[in-house]
Amino acid sequence: GKIIKDVMSRGELGIVEKGKNDLQTEADRSAQRCIIASLSHQFPDLTIIGEEEPSHFEVPSDWLMTDFDPEVLSKKCPEEFLTVSEKDIVVWVDPLDGTSEYTQGLLDHVTVLVGVSVGGKAVGGVIHQPYYNYQTKSDTNGRTLWGLVGLGTGGFSPECPPYGKFIVTTTRSHSDGIVQKALDAFRPDEILKVGGAGHKVMLLLEGKAHAYIFASKGCKKWDTCAPEAILTAWGGKLTDIHGNSYDYDKEVEFPNKQGVFATAKGLDHKTLLKVIPQEVLNALP
Ligand SMILES: Nc1ncnc2c1ncn2[C@@H]1O[C@H](COP(=O)(O)O)[C@@H](O)[C@H]1OP(=O)(O)O
Ligand SMILES: [Mg+2]
Ligand SMILES: [Mg+2]
Ligand SMILES: [Mg+2]
């Protein structure tokens, strides 16, 4: 988070266009180097997959994080993970989610995502929001939300969305006709068009939206692994638009080609899926 803020303060974003509507900045590159170097230093047998291309330059020594969160470590590890070894774990790293919004100054849409999968399932995750409340508080360090399936969540106060209303959240920078058709089918009371997969799942976790609907193939495994794990740990659900779960094993393809459909705790995910029109399902087979 600090690296991301430092790059923004210096004002030289070093933007590279990776593809259509797909940017990368110095903050994406540096944050990934910090996260991957720190994790692989401490856990050499982990499989770590990051969004950005690997860099072979050595990272500055003050970028190597060596401390652990005592609050999380004070909890009891769920039985099912006691025998998991480093080799069974795949970590999906999105060093900066919401790059497009970052370059446009919509800073609270930006998150850092580190997702942990075991046996192909998204089970653990961290969403760090470096610019949380940055407009109201000047020297905030941001916040860090975490979740582990079987244990619970921390770093935020989960809330269920309001009854008698249906609020959906979706992309603001990667929309198209099919994305819009899927949204319209739900006849939502409100559509929150915001950046980042991490940011949108936070809206579900904090009761600001009932569902996150993205009928497009732009999201990748590093976008959804951490958010899915935290959402699942709380009691919500994230699948593709057909209702199938994504596999987060190390051999899988990166794109989430069947889109994203996520619901807050207490919602009937399965029934809501039936609202998605056949034409939309056919577009993302
Ligand atoms: N067409 C796309 N090309 C590249 N990345 C995409 C695309 N669609 C979605 N993403 C990634 O998924 C995130 C959520 O999508 P959106 O903000 O449009 O709802 C984006 O912030 C971006 O992650 P990132 O910013 O890490 O590259
Ligand atoms: Mg990107
Ligand atoms: Mg992303
Ligand atoms: Mg990213």
Side-chain angles (χ1 to χ4, degrees), residues 1 3-5 7-8 13-36 48-55 91-115 122 125-131 167-180 182-183 191-204 208-209 211-228 230-231 238 240-241 246 248 253-262 283-284:
I3 290 171
I4 289 172
K5 288 174 154 177
V7 169
M8 183 54 78
L13 298 192
I15 296 173
V16 171
E17 219 175 316
K18 292 196 287 183
K20 185 173 163 265
N21 208 351
D22 189 6
L23 303 179
Q24 182 203 63
T25 71
E26 185 52 39
D28 301 63
R29 295 186 287 275
S30 295
Q32 173 160 311
R33 287 173 63 208
C34 163
I35 294 166
I36 293 191
I48 307 170
I49 305 173
E51 173 180 356
E52 313 306 343
E53 237 167 56
S55 145
V91 179
W92 293 91
V93 175
D94 188 342
L96 198 165
D97 184 48
T99 301
S100 172
E101 285 70 24
Y102 178 71
T103 64
Q104 294 168 37
L106 293 167
L107 299 179
D108 48 346
H109 298 212
V110 168
T111 60
V112 180
L113 307 175
V114 181
V126 168
I127 300 178
H128 175 67
Q129 188 182 25
Y131 292 101
I167 306 167
V168 301
T169 182
T170 192
T171 184
R172 63 174 283 284
S173 58
H174 299 101
S175 195
D176 60 29
I178 290 289
V179 167
Q180 194 57 44
L183 295 171
I191 302 180
L192 307 175
K193 296 192 170 176
V194 301
H199 184 213
K200 280 186 271 292
V201 169
M202 287 198 303
L203 294 179
L204 298 184
K208 307 267 171 34
Y212 166 15
I213 307 167
F214 184 53
S216 176
K217 53 179 194 257
C219 282
K220 322 278 186 321
K221 295 295 173 299
W222 44 75
D223 292 304
T224 49
C225 185
E228 177 179 336
I230 303 175
L231 190 63
L238 187 150
D240 68 20
I241 62 164
Y246 281 114
Y248 294 94
E253 56 174 11
F254 298 151
N256 291 342
K257 284 189 180 152
Q258 285 78 35
V260 176
F261 185 75
L284 299 173

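Bear in mind the structure is a predicted one, so any value in this text is a computation, not a measurement. For ligands, and for the atoms within them, numbers begin at 1 and follow the listed sequence.
- Looking only at protein heavy atoms, the nearest one to atom 27 (O) of ligand 1 is E51 OE2, 3.2 Å.
- Residues L284 and K257 form no side-chain contact, since every pair of their non-hydrogen atoms from C-beta on lies 4.5 Å or further apart.
- Which of P95, P255, G98 comes nearest to atom 25 (O) of ligand 1 through a heavy atom is settled by distance: it is G98.
- Of all the heavy atoms in G50 and W222, the pair that sits closest is O-CZ3, 4.0 Å.
- What you find for L204 and A209 is that their closest heavy atoms are CD2-O, 3.3 Å.
- In this structure, W92 and F254 have perpendicular ring planes: the angle between them is above 60°, well past the 30° mark.
- Of all heavy-atom pairs spanning A122 and C225, the tightest one is CB-O, 3.6 Å.
- Scanning both residues, L192 and T169, for their nearest heavy atoms gives O-OG1, 2.9 Å.
- Legend: salt bridge (Lys or Arg N to Asp or Glu O under 4.0 Å) pairs involving residues 25-35, not counting sequence neighbours, sorted by first then second residue: E26-R29.
- Taking every heavy atom of G195 and a limit of under 4.0 angstrom, the matching atoms of ligand 1 come to 17 (O).
- Of all protein N/O/S atoms, those under 2.8 Å from the Mg ion (ligand 2) are E51 OE2, and waters are not counted.
- Environment of NZ in K217: sparse, with no more than 12 heavy atoms of neighbouring residues, nucleotides or ligands closer than 6.0 Å.
- Closest to atom 1 (N) of ligand 1 among all protein heavy atoms lies H174 CD2, 3.3 Å.
- Not a single heavy atom of Q24 sits under 4.0 Å from any atom of ligand 1.
- For atom 20 (C) of ligand 1, the closest non-hydrogen atom on the protein side is D97 OD1, 3.9 Å.
- Among all protein heavy atoms, the one lying closest to atom 10 (N) of ligand 1 is G218 O, 3.5 Å.
- Atom numbering of ligand 1 starts at 1 in the shown order; those under 4.0 Å from a heavy atom of T99 are 25 (O).
- The distance from ligand 1 to the heavy atoms of D94 drops below 4.0 Å at these ligand atoms: 26 (O).
- Residue-level proximity to ligand 1 for L96 is carried by the backbone, the only part with a heavy atom below 4.0 angstrom.
- For atom 17 (O) of ligand 1, the closest non-hydrogen atom on the protein side is G196 N, 2.7 Å.
- Every atom of ligand 1 is numbered from 1 in the order shown, and the set under 4.0 Å from a heavy atom of K220 is 4 (C), 5 (N).
- Within the 4.5 Å cutoff, the side chain of N256 has no heavy atoms near those of the K220 side chain.
- Other residues, nucleotides and ligands contribute over 12 non-hydrogen atoms within 6.0 Å of the NZ atom of K5.
- The K200 neighbourhood of ligand 1 comprises atoms 16 (P), 17 (O), 19 (O), with distances under 4.0 Å to a heavy atom of that residue.
- Among all non-hydrogen protein atoms, the one lying nearest atom 11 (C) of ligand 1 is D223 OD2, 3.6 Å.
- With ligand atoms numbered from 1 in the order given, ligand 1 contributes 13 (C), 14 (C) to contacts under 4.0 Å with heavy atoms of A197.
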Using the rule given for side-chain contact (heavy atoms from CB on, under 4.5 Å), can you reason through T171 versus S216, listing the C-alpha separation, both sets of side-chain angles and the distance that settles it, and then say yes or no? CA-CA 10 Å; T171 184; S216 176; over 6 Å; no

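- If you look at T171 next to ligand 1, the close heavy atoms, those under 4.0 Å, come from the backbone and the side chain alike.
- Heavy atoms from other residues, nucleotides or ligands lying under 6.0 Å from CD of E53 number 12 at most.
- Those atoms of ligand 1 with a heavy atom of C219 less than 4.0 angstrom away are 9 (C), 12 (O), 14 (C).
- Within ligand 1, the atoms closer than 4.0 Å to a non-hydrogen atom of S173 are 18 (O), numbered from 1 in the order shown.
- Between K200 and V194 the shortest heavy-atom distance is NZ-O, 2.6 Å.
- Side-chain atoms of E52 and K18, non-hydrogen and from C-beta on, do get closer than 4.5 Å to each other.
- Nearest heavy atom pair, residue I4 against residue A31, reads CG1-CB, 4.2 Å.
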